[in-house]
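Okay, so here's the structure we're looking at.
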Number of protein chains: 2
Amino acid sequence: METRTHAAYEIKLSDRRCPSRRALDLITDRWTPLVIFLLSDGPCRYTQLKRQIGGITQKMLTQTLRKLEDEGLATRTVYPTSPPSVEYALTPLGETLREPIQQLLHWSRSYGLQMRSTREVAKSDEERRKDPE
Amino acid sequence: METRTHAAYEIKLSDRRCPSRRALDLITDRWTPLVIFLLSDGPCRYTQLKRQIGGITQKMLTQTLRKLEDEGLATRTVYPTSPPSVEYALTPLGETLREPIQQLLHWSRSYGLQMRSTREVAKSDEERRKDPE
DNA sequence: CAGAATCCTACCTGATACTG
DNA sequence: CAGTATCAGGTAGGATTCTG
């Protein structure tokens with residue numbers, strides 16, 4: 001009993017190789033939630049995704065999409081038009097992430113501003129703690 | 001209209017400096033969701049957290065906790081016992097993250113195994129795509 | 001358009017030593 | 001106990017260039 005077991009979920013957070021832990025690691029990085037959020041709105045093309053996610057590089061976008069594809073969360077469809085277009089979409093499994101991810105985005109929208117103001121308030125405390133010279 | 005606006009949430013994902021976007025970035029990294037998840041179960045001490053989150057270094061744990069503190073999501077309370085103990089707890093603002101984070105953990109538990117099996121299935125596809133000599 | 005390839009840096013890890 | 005400090009090494013990620 002080295003790990004606290006939570007009423008509802010029995011995840012061994014203490015073990016990085018635990019499948020649940022690996023699943024969590026997969027969806028908690030800088031770009032994955034954003035990509036999934038956009039895809040949860042419907043299929044989307046590469047350049048569309050890139051334009052809508054500020055700051056992402058094509059390397060990271062490609063890498064993130066490949067990962068989602070490999071894990072069975074998204075599909076990649078190439079339309080042989082000219083110029084070619086590639087469309088990404090969530091799989092049924094990927095769709096199950098819609099709710100959790102949207103909750104996260106919902107929270108971000110609600111508390112983004114509150115957090116900023118809290119920081120301002122906390123600044124004086126910081127100054128006191130740091131005690132620069 | 002360069003960014004898709006989503007029915008419920010108006011977040012400019014295309015702008016990294018958007019407060020909502022910054023809030024999201026804050027909670028989507030390797031360690032923050034895990035720390036918040038554990039704290040959402042009640043106040044917890046440093047060593048307890050460290051033991052329960054497999055693979056985290058003391059540097060990253062401290063860094064993550066400081067960030068949560070600075071953003072007003074968690075509190076740090078020092079009990080001047082001997083040896084001293086430090087307890088971390090969510091603030092009311094931090095508590096608002098309970099549901100979203102638990103949803104994420106819930107998903108991880110449910111689909112951790114499914115994803116593995118999907119990967120196995122997808123392997124043959126990968127082989128075909130890579131076409132190694 | 002949708003990437004692949006390359007280079008390069010910042011951050012993270014891991015180990016260890018030290019402190020109040 | 002709850003950190004801080006340091007240093008070696010690896011890897012994730014950014015910037016740039018090129019391509020079918």
Side-chain angles (χ1 to χ4, degrees), chain A residues 2 13-17 21-22 24-35 38-39 43-71 74-89 126 129-132, chain B residues 2 14-17 21 24-26 28-35 38-39 43-70 74-89 126 129-132:
Chain A
E2 338 175 22
L13 298 180
S14 57
D15 182 10
R16 295 188 85 174
R17 268 144 270 94
R21 173 65 187 278
R22 292 197 69 257
L24 182 67
D25 285 349
L26 236 129
I27 57 175
T28 55
D29 63 19
R30 187 73 52 222
W31 307 114
T32 305
L34 285 165
V35 170
L38 289 176
L39 289 182
C44 198
R45 290 173 56 182
Y46 184 87
T47 309
Q48 285 286 321
L49 289 170
K50 177 145 174 40
R51 189 174 22 234
Q52 289 176 87
I53 303 178
I56 197 171
T57 60
Q58 93 291 53
K59 178 180 175 178
M60 289 318 295
L61 179 53
T62 300
Q63 189 172 302
T64 302
L65 288 166
R66 290 280 184 279
K67 181 186 69 179
L68 293 178
E69 204 190 343
D70 288 348
E71 298 292 341
T75 57
R76 176 179 184 269
T77 312
V78 183
Y79 294 101
T81 58
S82 72
S85 73
V86 179
E87 200 172 77
Y88 292 90
E126 254 181 85
R129 194 173 56 206
K130 280 195 305 185
D131 184 39
Chain B
E2 338 175 19
S14 57
D15 181 12
R16 294 189 86 173
R17 266 146 271 96
R21 173 66 188 277
L24 181 68
D25 285 350
L26 235 128
T28 54
D29 63 19
R30 187 73 51 222
W31 307 115
T32 304
L34 286 164
V35 171
L38 289 176
L39 290 182
C44 198
R45 291 172 55 180
Y46 185 87
T47 308
Q48 285 287 321
L49 289 170
K50 178 143 174 40
R51 191 177 17 237
Q52 288 176 85
I53 303 178
I56 198 170
T57 59
Q58 91 288 56
K59 177 182 176 180
M60 290 316 294
L61 178 54
T62 300
Q63 188 172 304
T64 302
L65 288 167
R66 289 282 183 277
K67 182 186 68 178
L68 293 178
E69 203 190 344
D70 288 349
T75 58
R76 176 178 185 271
T77 311
V78 183
Y79 294 100
T81 58
S82 72
S85 73
V86 180
E87 199 172 75
Y88 293 91
E126 257 181 83
R129 193 171 58 205
K130 281 195 304 183
D131 185 38

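Source: prediction; values computed, not measured. Order of the sequence lines fixes the chain letters, A, B, ..., with proteins taken first and strands second; residue numbering starts at 1 for each chain. The figures here come from the full heavy-atom set of this structure, side chains too, leaving out hydrogens, waters and symmetry mates.
By the 4.5 Å heavy-atom criterion applied to side chains, A:Leu49 and A:Leu39 are counted as neighbours. Considering only heavy atoms from C-beta on, A:Trp31 stays 4.5 Å or farther from A:Gln63 through its side chain. A:Leu65 is not listed as a side-chain neighbour of A:Arg76, based on a closest heavy-atom distance of 4.5 Å or more. Within the 4.5 Å cutoff, the side chain of A:Cys44 has no heavy atoms near those of the A:Leu38 side chain. The shortest distance between side-chain heavy atoms of A:Thr32 and A:Leu26 does not fall below 4.5 Å.
Applying the 4.0 Å criterion to OP1 and OP2 of D:dC1, one finds that B:Tyr88 has every side-chain N and O outside that range. Checking the phosphate oxygens (OP1, OP2) of D:dT4, no side-chain nitrogen or oxygen of B:Tyr46 falls inside 4.0 Å. Between B:Arg66 and the phosphate of D:dG3, there is a side-chain N or O to OP1/OP2 separation shorter than 4.0 Å.
The nearest whole Å value for the distance from the CG atom in A:Asp29 to the P atom in D:dT11 is 18 Å. Rounding to whole angstrom units, CZ of residue B:Arg76 and P of D:dC1 are separated by 16 Å. Atom P of nucleotide D:dC1 and atom CD of B:Gln48 are separated by 10 Å, given to the nearest angstrom. Put simply, CG on B:Leu61 is 10 Å from C1' on D:dA2, counting in whole angstrom units. Protein atom CD of B:Glu69 is 15 Å distant from nucleotide atom P of D:dA2, rounded to whole Å.
For the pair B:Thr47 and B:Gln58, both in contact range of DNA chain D, the more 5′-proximal nearest nucleotide belongs to B:Thr47. Remark on DNA chain C: of its neighbouring residues A:Pro83 and A:Thr62, the 5'-side contact belongs to A:Pro83, judged by nearest-heavy-atom nucleotide.
A salt bridge between B:Asp25 and B:Arg21 is present, with a side-chain N of the basic residue lying under 4.0 Å from a carboxylate O of the acidic one.
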Reading 5' to 3' through nucleotides 7-13 of chain C, protein heavy-atom contacts under 4.0 Å coded B for base, S for sugar-phosphate only, - for none: -----SB

